[in-house]
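Quick caveat: nothing in here was measured; it's all calculated off a predicted structure.
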Amino acid sequence: MTTSEQNLASGQGWHVSDVVCTAGAGDSPFEEEHRTFCVAAVTQGTFRYRTRQGMAMLAPGAILLGNPGACYECGHEHGAGDRCLSFHFAPAYMEAIVAEVPGARRLGFGAPRLPPLPALAPLLAEAEAARETADSDAFEELGLRIAAAAVAVATGAAHVGRAPSRRDQKRVAEAVRRIEIDGDKPLSLAELADGTATSPYHFLRTFRHVAGMTPYQFLLKTRLHRAAVRLRTSDEAISAIAFEAGFNDLSTFNRRFRREMGQAPGAYRARRRIV
């Protein structure tokens, strides 16, 4: 077997996998079938991808596109191995995304891939960083953003959208309040969207427009702020503060706290004795 696949995160109607292929020029390609919509970001290696939409060479930064039921074949005539972040979406899930992308009307990809595009580079870097740091909670939003970007580029849809309505602003305010109240508990994007009676992608797009960041980013900032306050005002163990703030493990908390606050939690707490 030349391909291994590790599930990184999943939810209703979607999942993302880390796919590593070790095939080389001497290995015969074999035909497979996409069971769902596939949007796969190539992060290492090159390979030839052939499907009914055409044939293309894929390199790091490119995005493989696949439609449900479409057979495909991959070959490595010019180099051994590759690695992809492979996002998969059920038809109903993708249909909801297409309905929310301004200007997009077609469900299904007409091309086999998207070339490396500067506009997508920051988003793909976020996704690869989430894989490397095992940040599984980030993939729900990243999958939606990558799928919507792929749909917009592949269908030629305009990258414009209407300003959020007062009703949408009210929905975001309600979601913010819920994060403030339940920020220490697991909160998925789907749960927050259900609470506002909107689709996950519509909610994500509206939240970013109104709040200036994604729901997951806001949730993390809320948790880190509360942890910072507790570090300054209590003598509880750092691990206890991390878990009570909603983090599942201490290493993730330490890494995120240092990135946000510029110091490790212990050093940040020590400053209260100096000031």
Carefully, step by step, assess Ser251 and Asn254 under the rule side-chain contact (heavy atoms from CB on, under 4.5 Å). CA-CA 5 Å; Ser251 62; Asn254 287 337; 5.6 Å; no
Applying side-chain contact (heavy atoms from CB on, under 4.5 Å), run through Gln263 and Arg269 and close with a yes or a no. CA-CA 9 Å; Gln263 291 181 303; Arg269 166 176 272 175; over 6 Å; no
Looking at side-chain heavy atoms only, is the closest gap between [X] and [Y] below 4.5 Å?
{"X": "Phe47", "Y": "Cys21", "result": "no"}
{"X": "Trp14", "Y": "Leu144", "result": "no"}
{"X": "Cys38", "Y": "Ser86", "result": "yes"}
{"X": "Asn248", "Y": "Phe243", "result": "no"}
{"X": "Tyr268", "Y": "Arg232", "result": "yes"}
{"X": "Val16", "Y": "Phe87", "result": "yes"}
{"X": "Tyr216", "Y": "Leu142", "result": "no"}
{"X": "Glu191", "Y": "Lys185", "result": "no"}

Indicate the atoms forming the closest heavy-atom contact of [X] with [Y], along with that distance.
{"X": "Phe37", "Y": "Pro91", "result": "CE1-CA, 3.8 Å"}
{"X": "Pro215", "Y": "Leu204", "result": "CD-CD1, 3.6 Å"}
{"X": "Thr51", "Y": "Pro112", "result": "CG2-CB, 4.0 Å"}
{"X": "Ala41", "Y": "Leu124", "result": "CB-CD2, 3.9 Å"}
{"X": "Thr43", "Y": "Cys84", "result": "OG1-N, 4.2 Å"}
{"X": "Ala149", "Y": "Leu120", "result": "CB-CD2, 3.4 Å"}

Linked, directly or transitively: [X] and [Y] (ILVMFWY side chains, under 4.5 Å):
{"X": "Leu187", "Y": "Val176", "value": "yes"}
{"X": "Tyr72", "Y": "Val39", "value": "no"}
{"X": "Leu114", "Y": "Leu123", "value": "yes"}
{"X": "Leu250", "Y": "Leu220", "value": "yes"}
{"X": "Leu85", "Y": "Leu117", "value": "yes"}

Any sub-3.5 Å donor-acceptor pair from [X]'s side-chain atoms to [Y]'s backbone N or O?
{"X": "Thr36", "Y": "Pro68", "answer": "no"}
{"X": "Ser136", "Y": "Leu8", "answer": "no"}
{"X": "Glu140", "Y": "Leu189", "answer": "yes"}
{"X": "Arg230", "Y": "Ala245", "answer": "no"}
{"X": "Ser234", "Y": "Leu231", "answer": "no"}

For the atom pair [atom1] ([X]) and [atom2] ([Y]), what is the distance rounded to the nearest 0.5 Å?
{"X": "Ile63", "Y": "Ile146", "atom1": "CD1", "atom2": "CD1", "answer": "6.5 Å"}
{"X": "Asn7", "Y": "Phe139", "atom1": "CG", "atom2": "CZ", "answer": "10.0 Å"}
{"X": "Asp18", "Y": "Ser4", "atom1": "CG", "atom2": "OG", "answer": "7.5 Å"}
{"X": "Ser188", "Y": "Glu141", "atom1": "OG", "atom2": "CD", "answer": "10.0 Å"}
{"X": "Arg226", "Y": "Glu180", "atom1": "CZ", "atom2": "CD", "answer": "7.0 Å"}
{"X": "Ile241", "Y": "Arg223", "atom1": "CD1", "atom2": "CZ", "answer": "15.5 Å"}

With Asn67 as partner, the option from Gln53, His34, Arg52, Met94 fulfilling side chain to side chain contact (heavy atoms under 4.5 Å, CB included) is Gln53
Thr198 vs Thr206, side-chain contact (heavy atoms from CB on, under 4.5 Å): CA-CA, chis, key distance, verdict: CA-CA 10 Å; Thr198 59; Thr206 302; over 6 Å; no
Leu224 and Phe247: side-chain contact (heavy atoms from CB on, under 4.5 Å), yes or no, with the steps? CA-CA 9 Å; Leu224 289 169; Phe247 292 91; 3.7 Å; yes
Glu174: which of Arg178, Arg177, Lys170, Arg171 passes side chain to side chain donor-acceptor pair (under 3.5 Å): Lys170
Residue of the set Asp27, Thr46, Asp82 for which side chain to side chain donor-acceptor pair (under 3.5 Å) holds with His76: Asp82
Residue pair Arg145 / Thr214, side-chain donor-acceptor N/O under 3.5 Å: no
Can you establish whether the number of heavy atoms outside Glu244 located under 6.0 Å from its atom CD is more than 12? yes
CZ of Arg255: more than 12 outside heavy atoms within 6.0 angstrom? yes
List the residues meeting side-chain contact (heavy atoms from CB on, under 4.5 Å) with Arg48, not counting sequence neighbours, and say none if there are none. Pro29, Arg50, Met55, Met57, Glu73, Glu77
Under the ring-ring contact (aromatic ring centres under 6.0 Å, His included) test, residues paired with Phe203 that sit two or more places apart: Phe207
